[in-house]
Amino acid sequence: MTIFVDMDDVLVDTYGKHIELYNKEHQQDLHINQITSGEIWHNVPEIHKKSIKDHALQPGFFRNLKPFKDAIQVMEALYNKHEVYIATAATQFPNSLLEKSEWLDEHMPFVTWQHRIMCGDKFILNGDLLIDDRTYNLEKFEGDTLLYNSPHNVNDTGYTRVSNWLDIAERLL
């Protein structure tokens, strides 16, 4: 089976990093469990929205993201059983491409460079399964899909959802 796996908010906690930086920058105490839907910037005062949108422009933002619990172990097991590719948008922000590659080198060295698709739009992917948190990527994919839960997609319907990496392991291993 050919499987494509997104990075941001699927392998790594991008949403949580935005909250962490927001709290530090604005001396706030926002927690993910206080957010019921939408992007981070939909859940803060208007005056703070731009600072959150600028996080992805900061050097080190993508390099220092934390992997979700069990993501690395399940990915390695998937990689050993299936044809697995990282498929991540990596051209929108200047540092993203290099930092995501460095992150993978450190945390998932078993995913060789030949299995890393750093792209802009994922409509070009052709395989059996796409695991992503963005429905606009899933709706264009011709294979099966899994929607990885995130606060920004809680109101999206029509997709099979997974809440964590153990859910993915249960389905695919």
Peer 1: Taking all atoms of both residues into account, what is the closest heavy-atom pair of F4 and I117, and its distance?
Peer 2: CE2-CD1, 3.7 Å
Peer 1: With a sphere of 6.0 Å drawn around CG of N126, does it hold more than 12 non-hydrogen atoms of other residues, nucleotides or ligands?
Peer 2: no
Peer 1: Same hydrophobic cluster for L172 and L125, using side-chain heavy-atom links shorter than 4.5 Å among ILVMFWY?
Peer 2: no
Peer 1: For a quick test of reading the model, state the closest non-hydrogen atom pair linking D156 to R161 and the distance between them.
Peer 2: O-NH2, 2.9 Å
Peer 1: Can you name the ring pair (Phe, Tyr, Trp, His ring centres under 6.0 Å) partners of F61, sequence neighbours left out?
Peer 2: H18
Peer 1: Is the backbone of N149 close enough, under 3.5 Å, to the side chain of N153 for a donor and an acceptor to pair up by distance?
Peer 2: no
Peer 1: Only one of E20, K17, E25 forms a side chain to side chain donor-acceptor pair (under 3.5 Å) with H55, so which one is it?
Peer 2: E25
Peer 1: Which heavy atom in E83 sits nearest to a heavy atom in Y85, and how many Å separate them?
Peer 2: OE2-OH, 3.0 Å
Peer 1: Using every non-hydrogen atom in the two residues, find where K81 and L173 come nearest and quote the distance to one decimal.
Peer 2: NZ-C, 3.5 Å
Peer 1: Whether the side chain of N43 engages the backbone of S37 through a donor-acceptor N/O pair (distance < 3.5 Å, no angle test) should be reported.
Peer 2: yes
Peer 1: Could you tell me whether the side chains of R63 and N95 share a donor-acceptor contact shorter than 3.5 Å?
Peer 2: no
Peer 1: Look only at the side chain of D13 and the backbone of D9, and say whether a donor-acceptor pair between them is shorter than 3.5 Å.
Peer 2: no
Peer 1: Taking F110's backbone N and O only, do any of them form a donor-acceptor pair with Y79's side chain (distance below 3.5 Å, no angle check)?
Peer 2: yes
Peer 1: With clusters defined by side-chain heavy atoms of hydrophobic residues (ILVMFWY) lying less than 4.5 Å apart, directly or transitively, does W165 cluster with M7?
Peer 2: yes
Peer 1: Assess whether a salt bridge exists between D8 and K100, defined as any Lys/Arg side-chain N lying under 4.0 Å from an Asp/Glu carboxylate O.
Peer 2: yes
Peer 1: Before accepting this row, confirm whether a basic side-chain N of the pair R134/E39 lies closer than 4.0 Å to the acidic partner's carboxylate O.
Peer 2: yes
Peer 1: What closest approach, in Å, do S96 and A90 show between heavy atoms, and which atom pair accounts for it?
Peer 2: OG-CA, 3.5 Å
Peer 1: Give me the atom names and distance for the closest heavy-atom approach of M1 to D128.
Peer 2: CA-OD2, 3.3 Å
Peer 1: Does H26 have any ring pair (Phe, Tyr, Trp, His ring centres under 6.0 Å) partners at least two apart in sequence or in another chain, and if so, which?
Peer 2: Y22, H48
Peer 1: Could you work out, with ring pair (Phe, Tyr, Trp, His ring centres under 6.0 Å) as the rule, every residue matching H107, not counting sequence neighbours?
Peer 2: W103
Peer 1: Is there a donor-acceptor pair closer than 3.5 Å between any side-chain N or O of N23 and the backbone N or O of L30?
Peer 2: yes
Peer 1: Quick one: do D132 and K140 make a salt bridge, cutoff under 4.0 Å?
Peer 2: no
